[in-house]
Amino acid sequence: VKKHLKESGFGVEGVYIAHDSMGCPRYIGRGSIFSRLEARKSAQPLELEYFSFYVVSDKKHEREIETLLIHAAGFLLEFNIRM
């Protein structure tokens, strides 16, 4: 998919969603889609099974889309807590 996006002239920046084995969204984030998804899978290899993403060509809209998806998914998400 990454190769196809690059060949088609799309970027690899945007908003991504990591889903559990039941298809429920567990984590939503933004940035470099494929490197961030690889990091999420490495951090939780047994919990996260599926991934989806939205390529966002205008970076200023990434936060808006991420916020919309977080509000829609609500209580299903697991948030990172920075200490």
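We're numbering straight along the sequence, starting at 1.
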Next on the checklist: Could you walk me through whether S52 and H19 satisfy the side chain to side chain contact (heavy atoms under 4.5 Å, CB included) test, starting with their C-alpha distance in whole Å, then the side-chain angles of each, then the deciding distance to 0.1 Å, before giving a yes or no?
Outcome noted: CA-CA 8 Å; S52 56; H19 305 270; 2.9 Å; yes
Checklist entry - CD/Q44 to CD/E49 distance, rounded to the nearest 0.5 angstrom? => result 11.5 Å
Next on the checklist: Quick check on the hydrophobic clustering: are M22 and L48 connected, directly or via other members, by side-chain heavy-atom contacts under 4.5 Å?
Outcome noted: no
Item to check | Criterion side chain to side chain contact (heavy atoms under 4.5 Å, CB included) on E66 and H71, from CA distance to verdict | outcome: CA-CA 9 Å; E66 177 191 35; H71 283 284; over 6 Å; no
Item to check | Distance, nearest 0.5 Å, that separates OG of S21 from CZ of R26 | outcome: 9.5 Å
Item to check | Gap between atom OH of Y27 and atom CD1 of I17 - 0.5 Å precision | outcome: 12.5 Å
Checklist entry - Ring centroid separation for Y16 and F34, is it under 6.0 angstrom? => result no
Item to check | V12 with V55, same ILVMFWY side-chain cluster at under 4.5 Å | outcome: yes
Item to check | Residue list, salt bridge (Lys or Arg N to Asp or Glu O under 4.0 Å) with K59, at least two apart or on another chain | outcome: E13, E62
Next on the checklist: Which heavy atom of I28 sits nearest to which heavy atom of I70, and what is that distance?
Outcome noted: CD1-N, 3.8 Å
Next on the checklist: Would F53 and V1 count as a side chain to side chain contact (heavy atoms under 4.5 Å, CB included) here? Give the steps.
Outcome noted: CA-CA 11 Å; F53 61 89; V1 173; 3.5 Å; yes
Checklist entry - So do the side chains of I33 and F51 get within less than 4.5 Å of each other, counting heavy atoms only? => result no
Item to check | Donor-acceptor contact below 3.5 Å, side chain K6 vs main chain G11 | outcome: no
Checklist entry - Where the side chain of D58 meets the backbone of H61, is there a donor-acceptor pair that is under 3.5 Å apart? => result no
Next on the checklist: Within the 3.5 Å criterion, strictly below it, is a donor on H4 or E7 matched to an acceptor on the partner's side chain?
Outcome noted: no
